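Single-structure report; data block below.
Order of appearance sets the numbers: ligands from 1, and atoms from 1 within every ligand. Note that the structure is a prediction, hence the values are computed from the model and not measured. Residue numbers run from 1 in the order of the sequence given. The figures that follow rest on heavy atoms only: side chains count, while hydrogens, waters and symmetry mates do not.
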Amino acid sequence: MSGLFVVIILYLIPQWLIRPASVLEFLAVLALALVIDAIANTLRYKRMVCSVSAAVTAAVLFTLTPGVPLWGKLLGVITALIVGKHIWGGMGKNPINPALTGVILLYLLFEVSSPPFDGSLLLIPAIILSLPFIKFRPFAASGLMAGMLLSLSINGQLTLSGIISLGVIFWGCVIVTDPVTVTAKPLTGALMGIIAGLSVLLSPGFPAAVPVAILLLNIVSYVSDKLADNISDKKKLRIKIPLKYSLEASDLIDLTSKGDISMKSQNTANITKEEILKRIEKNNVFGFGGAAFPAIKKIRTVIESDSQKKYLIVNGVECDPGLIHDKWLLRHKSKEIHSGIRFLSNCIDFSNMTLAVKDSVGLEYPSDIRILKVKDYYPAGSEKALINEALGILLAHKTVPSQEGILVFNVQTILAIYEAVGFNQKADSRYLTVSNLKTGVGKVVRVNLEEKISDLVEKLYPGNQLCFKGGGIMQACAASEEDIIDSAVNSIAIAGYPQYKESPQCSKCGECRKYCPSGLEVDKISKLVDEGRIDDAAALNATECIKCGSCSYVCKAGRNLGSRVEKAKRQ
Ligand code: SF4
Ligand code: SF4
């Protein structure tokens with residue numbers, strides 16, 4: 001983005017040579033833009049964020065309004081940044097080009113000479129350096145420039161001087177190549193570009209015609225991208241929809257034939273530690289939180305650990321916004337979960353047993369279990385974050401918690417232990433959340449492992465639905481016709497593909513680093529991956545990525561950062 005700013009400055013040089021005092025005016029407009037942006041960003045993010053985009057906005061506005069007095073330009077930049085940018089949520093979220101909102105206001109308020117440039121050959125370096133920016137939105141840019149050239153031809157002004165004066169390359173390569181506000185779709189981009197270019201036919205009597213037409217292009221881009229199923233070849237799902245759900249006992253949809261296991265029928269009165277461990281192993285209990293690690297291995301590692309104190313943390317945090325089944329289990333299987341915890345405490349002398357949850361309202365557990373309400377953020381439920389929160393122990397990147405005497409199991413794993421020990425029941429079914437993200441409704445479902453996902457979805461949401469599967473919504477990817485429900489699937493969701501703007505312009509806001517629970521330099525890793533330097537990227541601890549997807553979710557440039565880090569991790 002700083003490169004773009006430099007190119008726009010080159011467009012200003014002819015203006016400055018004619019009227020040197022306008023350099024000071026430009027500095028005043030620039031300073032105001034930076035101050036407004038810094039205040040708005042600080043209020044929004046509680047810290048300073050890079051404001052190059054505000055500098056670009058100021059420079060575009062100044063370039064396109066040469067005859068407007070200083071106070072008008074200051075008014076224009078305030079309008080641009082507040083109305084065009086910050087009321088939409090700030091950087092990367094504005095559907096319309098901020099500078100053009102200010103420009104249109106000034107064109108309507110003042111006698112603005114149209115076209116904005118004087119045809120000086122001094123603009124040639126700026127024009128040449130603008131050309132590479134076409135790669136960001138080639139279809140919209142080509143359409144716009146074609147439309148403008150056609151208009152000039154109809155008006156009999158198709159000369160080099162006419163092209164320079166109208167700023168064909170400036171509009172085409174600097175304004176409509178903004179990935180935040182202009183669609184990457186070939187047909188929509190090209191068609192809307194041509195229509196915007198033809199607005200030049202109206203511009204002699206209505207100077208605001210071109211910026212108004214480009215704002216229209218922005219709005220069409222926004223709507224068509226929103227409606228689109230897929231503007232990215234990356235298949236990772238992004239979700240902002242909070243689920244609507246009910247957690248009554250009767251809300252469970254049980255698609256197994258197992259029925260409800262009664263507490264009364266188990267026979268474990270004199271069960272030994274070895275028998276408990278044997279049943280857990282024999283019945284293939286695994287980690288239901290997503291890792292699917294054999295439970296017996298974790299338990300034995302804790303038993304064999306040299307640590308003086310042993311801890312049990314039952315993870316009921318379920319921080320992923322698309323999951324609800326653990327909440328249901330915590331409320332309706334509390335006795336069974338408590339029994340499962342008891343079986344474990346018969347094998348290991350825990351100093352402390354904690355049940356970590358986000359919402360403790362309505363939970364009833366005996367007093368030997370400490371209920372810990374953790375902060376509500378994603379991914380609060382990641383194992384090491386939880387250990388830190390529950391025990392105040394900060395484990396190093398490569399430390400394995402069970403080797404330190406810390407046993408962390410998801411609530412559903414504890415329930416499976418209860419069923420395996422109490423009833424010799426195999427861990428061959430699971431609870432999961434099936435949601436329809438188009439309606440925002442989530443359901444708790446019990447299914448047999450290895451059932452085809454497409455069959456399950458057909459039962460619950462008939463029709464040929466595109467669906468996603470994963471450990472949670474934030475880590476989901478598209479499910480194929482043949483995919484089955486395996487030990488790692490916690491979530492199935494019906495949804496369209498996510499929309500990634502994939503802006504090449506990292507704003508250096510640092511949000512991806514701030515929200516990465518593994519403390520990775522996500523922006524740096526992604527940049528190296530984009531440059532093809534995968535080995536260098538992998539060396540930045542990419543293996544520590546827990547695939548939570550937070551970085552992609554928060555990225556202001558709308559980039560699929562998680563998939564880039566994953567590429568480095570695979571290396
Ligand atoms: S997906 Fe990986 S890199 Fe991105 S925030 Fe999560 S842990 Fe960090
Ligand atoms: S890559 Fe990171 S620093 Fe760059 S815009 Fe995205 S979140 Fe901000």
Quick one: do Lys327 and Leu330 satisfy side chain to side chain contact (heavy atoms under 4.5 Å, CB included)? Show the steps, please. CA-CA 5 Å; Lys327 293 181 193 65; Leu330 282 166; 5.6 Å; no

Yes or no on side chain to side chain contact (heavy atoms under 4.5 Å, CB included) for Asp486 and Glu450, after CA distance, side-chain angles and deciding distance? CA-CA 6 Å; Asp486 60 27; Glu450 313 225 326; over 6 Å; no

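Atoms of ligand 2 found under 4.0 Å from any heavy atom of Leu561, numbered from 1 in the order shown, are 1 (S). Counting atoms of ligand 1 from 1 in the listed order, those under 4.0 Å from a heavy atom of Gly549 are 1 (S), 6 (Fe).
Between the side chains of Thr354 and Asn352, a donor-acceptor pair is found at a separation under 3.5 Å. With hydrogens and angles left out, the side-chain atoms of Ser402 and Lys297 include no donor and acceptor closer than 3.5 Å.
Counting protein heavy atoms only, atom 6 (Fe) of ligand 1 is closest to Cys548 SG, 2.3 Å. When hydrogens are left out, the protein atom nearest atom 3 (S) of ligand 2 is Gly510 N, 3.3 Å; that is the closest non-hydrogen contact.
Using a 4.0 Å cutoff on heavy atoms, Ser526 does not count as a contact of ligand 2.
In Val522, the part holding a heavy atom less than 4.0 Å from any atom of ligand 1 is the side chain.
Not a single N, O or S atom of Cys551, from either the backbone or the side chain, sits less than 2.8 Å from atom 6 (Fe) of ligand 1. Between atom 6 (Fe) of ligand 2 and Cys555 there is an N/O/S contact shorter than 2.8 Å.
In this structure, Thr101 OG1 and Leu61 CG are separated by 8.5 Å, a value rounded to the nearest 0.5 Å.
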